[in-house]
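One structure below.
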Amino acid sequence: MTESKDILITGGTVLTGVATDPAQPGADVLILDGRIAAIGPDLAATGIVPAGTEVIDAAGSVVMPGFVDTHRHTWQAIVRNIASDWSLDEYMAGLHVGLSRHFRPEDTYVSNYLGALEALDSGITTLVDWSHNLRTTEHADAAVKALEDTGMRAVFAHGGGAAQWGGEMPSPVEHPRDDATRLRTEHFASNDGLVTMALALRGPQFTTREVNRADFALARDLDLRVTVHVGDGHWGKMRPIIMLQEDGLLSDTITYVHCTTLSDEELRIIAATGGSASVAPDVEAQMGHGYPATGRLLAAGVRPSFSIDVCSSNGGDMFGTMRTAIGLQRAADNKELVDAGVIIERIGLGCADVIQFATLDGANAAGLGGQTGSLEVGKKADVIVVSGNSLAMSPLNNPFGGIVYNAHPGLVTDVIVDGVVRKRDGRLVGVDVKKLRDEAAEARDYILSQMPAASVDGAWHPEVAHA
Ligand SMILES: [Zn+2]
């Protein structure tokens with residue numbers, strides 16, 4: 001099933017992904033030729049539904065745009081949970097420049113395929129794969145093929161490999177221009193595919209100023225969007241946004257990942273230059289990146305998007321991510337008021353906004369806001385159905401609250417990407433899950449066999465070298 005066909009999703013409670021839009025109970029969504037053609041009650045009676053249209057009964061369910069994950073190191077899926085008790089420094093030493101070196105292209109393929117399908121299965125229809133373990137061209141090709149084989153919408157963010165991320169810091173080694181150029185000209189010449197390309201750059205925290213300027217020039221030469229980590233932990237305090245500003249590199253085609261330890265002044269500069277942001281609340285709260293910047297970004301004028309980041313540590317779905325983000329932000333906002341002796345009449349950040357961060361704002365951050373991220377007539381049909389029939393969702397009262405606080409990947413019954421059904425009645429279509437699980441375990445075993453000190457059971461804490 002790879003061709004998009006006409007689909008009518010009937011009788012669900014429709015959330016558009018735009019925070020100011022009210023929920024539409026009992027509405028249908030009509031998909032024609034891969035795009036959203038109409039949203040409203042009883043569309044069959046209007047005569048616009050062609051004969052032979054496939055019907056998905058969504059009565060009792062929530063119908064909404066697929067989620068957008070704006071930054072995930074998908075290649076780490078096979079070492080899931082290895083880093084769940086690690087600090088950022090342990091992660092850098094143990095995995096990022098440790099185990100990463102032992103991935104063969106076939107391991108990259110399996111891990112990327114597993115990680116991307118895990119996302120799709122949980123209702124994420126657009127994934128920015130922040131692919132920074134590309135030691136060879138074969139590794140890059142394997143990572144791209146895995147994304148393409150899932151049928152999901154993805155941005156392959158080319159991020160170099162051990163040569164760029166290991167060794168001397170700040171790195172004097174440029175982004176691999178040849179490999180990025182090869183992929184852009186030979187594979188991603190068009191921007192119209194389901195999988196498109198961006199550059200995942202190290203930025204001023206991890207490279208010399210000269211190398212950073214060369215890397216951003218490469219993005220300009222190849223006409224690619226940039227995604228870059230800034231403001232993470234102690235590295236983030238070197239005022240990376242000011243450095244980018246001094247070098248004239250800020251633009252509206254950049255997504256700034258984390259932003260946790262950036263100054264408010266830097267966040268305002270991001271807003272003024274049209275940049276977007278990606279908050280990864282689970283890992284930021286865990287590893288010591290600093291406090292998730294959701295509220296500070298909003299105050300500066302930047303609507304955040306959300307990301308999973310390290311699937312080697314935290315969960316890979318957007319429900320958990322939304323829950324962590326809203327809980328931490330509400331706690332911070334309320335603490336400030338309580339500490340000041342203010343009686344709280346109404347709390348700030350709402351569930352509908354958090355859903356928009358996870359959908360439309362994510363699409364905007366991925367450069368795809370014109371195509372996806374919301375249920376609007378004319379947009380590509382990236383749609384999910386979330387069952388409201390579990391005991392924990394029943395009765396379905398406030399669908400925004402239900403999605404943020406009560407839903408989970410197991411309730412995602414149907415996933416449509418670009419008008420193609422990729423998950424139906426709770427099962428991924430055309431995926432041999434047992435075979436994939438076996439291949440993932442085999443690849444994991446190979447990687448571990450190459451580094452006897454490592455283990456994935458949570459007992460291993462990598463040695464951290466301090467300069
Ligand atoms: Zn990251």
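The shown structure was predicted, so the numbers you read here are calculated from the model rather than taken from an experiment.
For the pair Ser305 and Phe357, the minimum side-chain heavy-atom distance is 4.5 Å or more. Contact annotation: the side chain of Leu224 never approaches that of Phe188 to less than 4.5 Å [non-hydrogen atoms, C-beta and beyond]. Using a 4.5 Å heavy-atom threshold, the side chains of Arg153 and Val195 count as separate. Proximity of Gln329 to Pro292: side-chain heavy atoms (C-beta onward) are nowhere separated by under 4.5 Å. Met197 places none of its side-chain heavy atoms less than 4.5 Å from the side chain of Arg225. Under the 4.5 Å side-chain criterion, counting only non-hydrogen atoms from C-beta, Met92 is not in contact with Val464. Side-chain contact check for Arg80 versus Leu114: some heavy-atom pair is nearer than 4.5 Å. With a 4.5 Å cut-off on side-chain heavy atoms, Leu43 and Val29 do not count as touching.
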Take Leu436 and Leu117 through the side-chain contact (heavy atoms from CB on, under 4.5 Å) test and state the conclusion after the steps.
-> CA-CA 10 Å; Leu436 175 56; Leu117 278 183; 3.7 Å; yes

Between Val354 and Phe306, does a side-chain contact (heavy atoms from CB on, under 4.5 Å) hold up when you go through it step by step?
-> CA-CA 9 Å; Val354 169; Phe306 285 150; 3.8 Å; yes

Give the C-alpha distance, both sets of side-chain angles, the deciding distance and a yes or no for side-chain contact (heavy atoms from CB on, under 4.5 Å) between Val230 and Leu262.
-> CA-CA 7 Å; Val230 285; Leu262 296 182; 4.0 Å; yes

Apply the test side-chain contact (heavy atoms from CB on, under 4.5 Å) to residues Ile447 and Phe103: give CA-CA distance (whole Å), side-chain angles for both, the deciding distance (0.1 Å), then the verdict.
-> CA-CA 6 Å; Ile447 302 291; Phe103 276 65; 3.6 Å; yes

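Val383 pairs with exactly one of Leu375, Val14, Ile7, Thr125 by the side chain to side chain contact (heavy atoms under 4.5 Å, CB included) rule, that one being Leu375. The side chain to side chain contact (heavy atoms under 4.5 Å, CB included) with Leu127 is formed by just one residue from the set Leu147, Asn112, Val155; it is Leu147.
One N or O on the side chain of Lys423 and one on the backbone of Asp121 form a donor-acceptor pair closer than 3.5 Å. Between the side chain of Thr260 and the main chain of His289, a donor-acceptor pair closer than 3.5 Å is present. For Ser111 (side chain) and Ile78 (main-chain N/O), a donor-acceptor pair under 3.5 Å exists by modelled atom type. The backbone N or O of Ala143 sits nowhere less than 3.5 Å from a side-chain atom of Ser131 that would complete a donor-acceptor pair. Put simply, the side chain of Glu266 gets close to the backbone of Ile241: a donor and an acceptor are under 3.5 Å apart. Under the 3.5 Å distance criterion, the side-chain polar atoms of Thr53 are left unmatched by any main-chain donor or acceptor of Asp6. Side-chain N or O atoms of Asp382 include one that pairs as donor or acceptor with a backbone N or O of Asp418 at under 3.5 Å. Formation of a donor-acceptor pair under 3.5 Å by the Thr321 side chain with backbone atoms of Phe319 is not found in this model. Proximity of a side-chain donor or acceptor of Arg72 to a complementary backbone N or O of Gly316 within less than 3.5 Å is detected. With hydrogens and angles ignored, the 3.5 Å screen pairs no side-chain donor or acceptor of Glu284 with any backbone N or O of Gly290.
Applying the side-chain hydrogen bond (donor to acceptor under 3.5 Å, both in side chains) rule to His96 yields the partners His132; only residues at least two apart in sequence or on another chain are considered. Annotation: side-chain hydrogen bond (donor to acceptor under 3.5 Å, both in side chains) contacts of Ser390 (sequence neighbours excluded): none. A search for salt bridge (Lys or Arg N to Asp or Glu O under 4.0 Å) contacts involving Asp414 returns Arg424, not counting sequence neighbours.
Scanning both residues, Arg323 and Ala407, for their nearest heavy atoms gives NH1-O, 3.1 Å. The two atoms that bring Ala300 and Ala271 nearest to each other are O-CB, 3.2 Å, heavy atoms only. Residues Val417 and Gly151 come closest through the heavy atom pair CG1-O, 3.6 Å. Summarising the geometry of Met64 relative to Val386, their closest heavy-atom pair is SD-CG2, 4.4 Å, with the distance given to 0.1 Å. Pairing each heavy atom of Tyr91 with each of Ser312, the nearest pair is CE1-OG, 4.2 Å. When all heavy atoms are compared, the tightest approach of Phe156 to Ala140 is CZ-O, 4.2 Å.
Interatomic distance, Ile270 CD1 to Cys259 SG, rounded to the nearest 0.5 Å: 4.5 Å. Remark: Ile39 CD1 to Asp28 CG distance equals 10.5 Å, nearest 0.5 Å. Rounding to the nearest 0.5 Å gives a distance of 11.0 Å between CD of Gln76 and OG1 of Thr108. The CZ atom of Arg303 lies 4.5 Å from the CG atom of Asp361; values are rounded to the nearest 0.5 Å. Annotation: the span from Cys351 atom SG to Leu15 atom CG amounts to 11.0 Å, rounded to 0.5 Å. The CZ atom of Arg444 sits 10.0 Å away from atom CD of Glu442, with the distance rounded to the nearest 0.5 Å.
A salt bridge does not link Asp333 with Arg330: every distance from a Lys NZ or Arg NE/NH1/NH2 to an Asp or Glu carboxylate oxygen is 4.0 Å or more. Looking at Arg35 and Glu376, no side-chain N of the basic residue comes within less than 4.0 Å of a carboxylate O on the acidic one, giving no salt bridge. For Arg268 and Asp264, the salt-bridge test fails: no basic side-chain N is under 4.0 Å from an acidic carboxylate O.
Side-chain atoms of Asp317 and Ser122 form no donor-acceptor pair, as typed in the model, at a separation below 3.5 Å. Thr324 and Asp282 form a side-chain donor-acceptor contact under 3.5 Å, judged by distance and modelled atom types alone. Looking at Ser87 and Asp89, their side chains never bring a donor and an acceptor atom within 3.5 Å of each other. Side-chain contact check for Asp129 and Thr74: at least one donor-acceptor pair (N or O, by modelled atom type) lies under 3.5 Å. Side-chain contact of Ser374 with Lys379: a donor-acceptor pair under 3.5 Å is present, judged by distance alone. For the residue pair Thr227/Thr255, the side-chain donor-acceptor check at 3.5 Å is not satisfied. Side-chain contact check for Asp309 and Asn314: no donor-acceptor pair (N or O, by modelled atom type) lies under 3.5 Å. Counting only N and O atoms by type, the side chains of Gln286 and Ser313 include a donor and acceptor under 3.5 Å apart. Between the side chains of Asp69 and Ser307, not a single donor N or O lies within less than 3.5 Å of an accepting N or O.
In summary, the aromatic rings of Trp130 and Trp75 are positioned with their centroids too far apart to meet the 6.0 Å limit. Between Trp235 and His229, the ring centre distance reaches or exceeds 6.0 Å.
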